[in-house]
Amino acid sequence: MPSIQFHAMVRVRTADPAKAKINGRLGRIAGKTEQRNDDGRYGYGVFIYDLAGVWCCNDAELEVTGEFDEDAIRISEQQRLRLAAKNAR
């Protein structure tokens with residue numbers, strides 16, 4: 001299973017020239033693959049804060065800060081509760 005949790009804050013650390021624009025930037029985990037990619041690594045959707053966009057990265061390109069995006073957690077919980085109420089009708 002992917003080891004980085006949803007909403008964990010990460011810093012991108014990559015040598016991939018295609019991702020030079022996001023190297024060193026701070027983001028949060030917005031999505032993740034359930035199974036390993038062809039290269040054996042897990043893939044993550046990383047919301048890059050200052051670019052306001054999601055980029056695909058693998059676990060080896062991400063440095064976990066040890067913090068979580070509390071606002072994103074709160075919003076996800078609100079959405080979960082709204083959906084649960086809607087489906088209970």
Side-chain angles (χ1 to χ4, degrees):
M1 290 199 82
S3 61
I4 306 175
Q5 296 180 352
F6 276 105
H7 310 302
M9 294 175 68
V10 295
R11 188 161 304 276
V12 179
R13 301 287 187 209
T14 181
D16 184 344
K19 298 176 187 170
K21 184 175 182 176
I22 62 168
N23 190 41
R25 294 183 189 261
L26 188 64
R28 70 170 165 80
I29 300 300
K32 52 188 176 178
T33 59
E34 293 182 8
Q35 297 186 16
R36 296 180 189 271
N37 295 329
D38 292 339
D39 62 4
R41 297 179 172 146
Y42 287 104
Y44 294 88
V46 180
F47 178 81
I48 304 297
Y49 291 111
D50 63 342
L51 298 176
V54 176
W55 288 67
C56 296
C57 297
N58 65 57
D59 48 6
E61 297 174 308
L62 302 173
E63 178 182 282
V64 179
T65 68
E67 298 177 55
F68 288 86
D69 185 325
E70 299 297 332
D71 287 336
I73 292 170
R74 181 180 44 75
I75 291 167
S76 289
E77 181 62 11
Q78 289 171 346
Q79 289 173 337
R80 185 191 69 76
L81 292 172
R82 276 195 302 271
L83 284 172
K86 180 180 177 181
N87 291 330
R89 294 180 203 171

Go through Gln5 and Ile29 one step at a time and tell me if the side chain to side chain contact (heavy atoms under 4.5 Å, CB included) criterion holds.
-> CA-CA 7 Å; Gln5 296 180 352; Ile29 300 300; over 6 Å; no

Calculate, to the nearest 0.5 Å, the distance between atoms CD1 and NE2 belonging to Ile75 and His7 respectively.
-> 9.0 Å

Could you tell me which residues satisfy side-chain hydrogen bond (donor to acceptor under 3.5 Å, both in side chains) with Gln79, sequence neighbours excluded, listed by chain and number?
-> none

Please report the closest heavy-atom contact between Gly24 and Arg11, naming both atoms and the distance.
-> O-NH1, 2.7 Å

For the residue pair Cys57 and Leu62, what are the closest heavy atoms and their distance?
-> CB-CD2, 3.9 Å

Determine, using the 4.5 Å side-chain heavy-atom cutoff (strictly less than), whether Val64 and Ile22 are members of one ILVMFWY cluster.
-> yes

Residues that Lys21 engages under side-chain hydrogen bond (donor to acceptor under 3.5 Å, both in side chains), provided they are two or more places apart | none

Do any N or O atoms from the side chain of Tyr42 and from the backbone of Asn58 form a donor-acceptor pair under 3.5 angstrom?
-> no

Members other than Met9 in its cluster, when Ile, Leu, Val, Met, Phe, Trp, Tyr link by side-chain heavy atoms under 4.5 Å?
-> Leu26, Phe47, Tyr49, Val54

Kindly write out the residues that satisfy salt bridge (charged side-chain N to carboxylate O under 4.0 Å, His left out) with Arg74, not counting sequence neighbours, or none if the list is empty.
-> Asp71

Could you walk me through whether Val12 and Lys19 pass side chain to side chain contact (heavy atoms under 4.5 Å, CB included), step by step?
-> CA-CA 9 Å; Val12 179; Lys19 298 176 187 170; 5.6 Å; no

Residues in salt bridge (charged side-chain N to carboxylate O under 4.0 Å, His left out) contact with Glu77, at least two apart in sequence or another chain = Arg80

Does the Lys32 side chain pair with the main chain of Gly45, one donor and one acceptor, at a distance under 3.5 Å?
-> no

Main-chain N/O of Ala72 paired to Asp69 side chain as donor or acceptor, under 3.5 Å | yes

Please answer: with hydrophobic residues joined when any side-chain heavy atoms are less than 4.5 Å apart, are Phe68 and Ile48 in the same cluster?
-> no

Test side chain to side chain contact (heavy atoms under 4.5 Å, CB included) applied to Glu61 and Asp16, step by step | CA-CA 9 Å; Glu61 297 174 308; Asp16 184 344; 4.0 Å; yes

So, the side chain of Thr65 versus the backbone of Val10: is there a donor-acceptor pair under 3.5 Å, distance only?
-> no

Is the backbone N or O of Leu81 less than 3.5 Å from a side-chain atom of Lys86, with the two atoms forming a donor-acceptor pair by type?
-> no

Kindly write out the residues that satisfy salt bridge (charged side-chain N to carboxylate O under 4.0 Å, His left out) with Arg13, not counting sequence neighbours, or none if the list is empty.
-> Glu63

